[in-house]
Amino acid sequence: MKFTDGFWLMRDGVRASYATDVRDVREGEGWFTAYAAVHRVRERGDTLNTPLVTVECFSPAEGVIGVRATHHAGKAAHGPEFGLNATEGAGQVRREGSVTELASGPLTVRLDSDQPWGLEFLDAEGRRLTAVESRGTGFATAPDGSHHMIGQLALGVGEYIYGLGERFTPYVKNGQNVDIWQADGGTSSEQAYKNIPFHLSSRGYGVFVNHPGKVSYEIGSESVGQVQFSVEDQSIEYYVIAGPTPKDVLRRYTALTGRPALPPAWSFGLWLTTSFCTPYDEETVTAFVEGMAERDIPLGVFHFDCFWMREYQWTDFRWDPEVFPDPEGMLRRLRERGLKVSVWINPYIAQKSDLFAEAAADGYLVRRPNGDIWQWDLWQPGMALVDFTNPAARQWYADQLRTLLDQGVDCFKTDFGERVPTDVVWHDGSDPARMHNYYAQLYNSTVFELLEKERGPGEAVLFARSATAGGQQFPVHWGGDCFASLGAMAESLRGGLSLSLSGFGFWSHDIGGFEGTPDPAVFKRWLAFGLLSTHSRLHGNVSYRVPWAFGDEAVEVARKFTRLKHRLMPYLYGAAVEAHRTGVPVMRPMLLEFPDDPACRTLDRQYMLGPDLLVAPVFTAEGDVEFYVPEGTWTHLLTGDTVRGPAWRRETHGFDSLPLYVRPGALLPLGADDQRPDGDWLQDLTLLVTPDTEDGTEITVPDLEGRPAAVFRAARHGTGVRVTAEGTARAFTVRTVADWWDPSGNPSPGGGDKDMQAVHHRRNDPGT
């Protein structure tokens, strides 16, 4: 929200007050509190009839410093609140003269009470990261009488801001105004399904605004040298999170708000859906599954979208008996084909469903202040909203899903959760404005926790659309309703990159786009991108997404990249384990891996898949693509061609290719099984080395539970490389990237690497 009219004036009807003069500082163990007048106090009379802003500084965790600024402290707290993992004794206070400092790990906040109001945040070397300056702490009343708390942090010269959830607007957020407010706005607007009040700076710090309601950001868009954030409240609380690297920031942020669960390995396979409004029954589903098998395209999960239920009755958790008279038998037959099954749900109960009266009678639906059940006709006629603040309603909803699990369903697509009304009363008394964003957390956690309970730890996975801070704990999230165009493919990637810099480790999107029917060229380009994402789903709105609907070449592309993804699973699941344990995402903006390379700070059309694979999707039908490679010799995984960076590249690729380069010095594990994602990864494992692979390069291949199965280490050996293993006695093959056998069983056209000797195929003893 903007409060000023240019630099000098306030907007009509806005009255603002800013902390100006430090009047007192109190300190305790791990905290200090400052009291700041909103104008200079020159005599005793200036202390009367005027506000005082209370600013508390504390440390909830190592390397994290919290700031809480309050105008009137008497406002009742109705919740909800983000669940944070705080640590006692994380900060130390020291005071010398007029200067008070709070240090936590590599981060320090400094206040000089002899100077005009301000806070400085310093890194481990004493260098300024950011600061609260003259208008950086205050409050304002709007013309409608609403009261807003304001925080500002200074932007440095050349500093870039990222994150704030899955945003489809420009990747670098400088110059934008962003409202953290859940909305079902597709991927082509400033609205977002996943709104996260956390931003990351290219200077090596992050900021989390601890407020689950609407947070309004002005990122260099009101005061051009400031990131401003405001909330309609009497208090604002935010945490500055130390680096020094972006990965360090994400580690600390996700330690505070929650790390992603590890999705099951089978979920990394190809998902195929019925699509949304298309007609389908078991015969249709069987034809799709058999069609994939006949074309040798490995399929992992089949998903039933909305119309598995009867029309006008979503969500009643009952199969349409006219279309699916034998759901248990159908699900058994799909399982016998080796498939997992997903079904669509949402948190609404339509009036026509028998469950509506049951839920209404038991108090499980959200009500208006007058006691009426909140209803509308948008989406489903007369639909109501499940009140997940009611523990009994959560249990009731989970019980409906448990019936489906007993029938043979494996996971759920938790759609919607954004259009949450504010003119309602919640069972637990939550503030409706704060619950609007937070509802997604209760919805997704209810479903995820049921899956963990029924299927066991490590077997739970969602396909979720909405999320707030902390939602990364319940993967996987997908990018929502995008158009079937190359432009929408690019905006989807921007959204995914922004989400990854907001703490989310796993992300997917609708291959080919959702709205409309893609041109075959769009579909084929999107296939390569989608199968080089953490999770891969073929899904559309009014048309099917089976590859043969888009021609024989689309079948070949789908087959090639599905098989490639399966072979990459020892590597990809290792990156998934890292996301689970550290919060560093699998799909990584170039900034994460190369924070010191200025060219990487604005790149939004390419990414790193794990630490060692550079992916540049092709956004043209003709195959022209421009991308950047950082320093070193990069080797194309599919051709063996090498390029040297730092350099910008222009290449042209057929539909069966894209820029897919192995990082200099990498040790890349490839499984032998290209038919499934959850096979025996150590069986006939191949390890690829690059010309720059040096002593000490190491890779861990996990097992299906995420535990280390084997650790491989590379060492120079003459003009070649020798790889040793720890933890396994099974044979493996070592080859150069330029000389491996591709997934179809043919030699790579790149030939051998002339600078390296052939390396070894050898058996290793455990512990070697």
Sorted by first residue and then second, give each salt bridge (charged side-chain N to carboxylate O under 4.0 Å, His left out) pair with at least one member in residues 534-555; sequence neighbours left out.
D510-R537, K524-E553
Indicate the ring-plane relationship of Y280 and F304, choosing parallel, tilted or perpendicular according to the 30° and 60° boundaries.
tilted
Is the backbone N or O of D415 less than 3.5 Å from a side-chain atom of Y443, with the two atoms forming a donor-acceptor pair by type?
yes
Of all residues at least two apart in sequence or in a different chain, which pass the salt bridge (Lys or Arg N to Asp or Glu O under 4.0 Å) check with K413?
D305
Hey, are S536 and K565 close enough side-chain-wise for a donor-acceptor pair under 3.5 Å?
yes
Over-ring placement of R676 relative to W266, 6.0 Å and 45° cut-offs
no
Quiz question: by atom type and distance under 3.5 Å, do the side chains of H303 and S342 form a donor-acceptor pair?
yes
Can a donor-acceptor pair be found between the side chains of Q441 and T468 at a distance below 3.5 Å?
no
Without swapping roles, check the side chain of R663 against the backbone of L614 for a donor-acceptor pair under 3.5 Å.
no
Quick one about T736 and D739 (side-chain donor to acceptor, distance below 3.5 Å, no hydrogens or angles considered), yes or no?
no
Would you list the atom pairs, donor with acceptor, under 3.5 Å between side chains in residues 700-711 and any protein atom, with sequence neighbours excluded?
unit_1	atom_1	unit_2	atom_2	d
D703	OD1	E705	N	2.9
D703	OD1	G706	N	3.0
D703	OD1	R707	N	2.9
D703	OD2	R707	NE	3.1
D703	OD2	R707	NH2	3.3
E705	OE1	R707	NH2	3.3

May I ask you to say whether D481 pairs ionically with R465, meaning some side-chain N is under 4.0 Å from a carboxylate O?
yes
Looking only at side chains, do E166 and S502 share a donor and an acceptor under 3.5 Å apart?
no
Once the angle between the rings of H477 and F504 is folded into 0 to 90°, is it parallel (under 30°), tilted (30 to 60°) or perpendicular (over 60°)?
perpendicular
Is the closest side-chain donor-acceptor distance between H539 and W478 under 3.5 Å?
no
Just grab all the salt bridge (charged side-chain N to carboxylate O under 4.0 Å, His left out) pairs involving residues 580-592, residues at least two apart or on different chains.
E578-R588, R588-E593
Does T315 reach the main-chain N or O of F317 with its side chain, forming a donor-acceptor pair under 3.5 Å?
no
Check whether the side chains of T690 and D692 place a donor and an acceptor atom closer than 3.5 Å, and report yes or no.
no
Which residues pass the salt bridge (Lys or Arg N to Asp or Glu O under 4.0 Å) test with R337, sequence neighbours left out?
E290
Please identify each residue that fulfils side-chain contact (heavy atoms from CB on, under 4.5 Å) with E336, with sequence neighbours left out.
R332, R333
Would you kindly say whether R259 and Q473 are connected by a side-chain donor-acceptor distance under 3.5 Å?
no
Hey, are H535 and S267 close enough side-chain-wise for a donor-acceptor pair under 3.5 Å?
yes
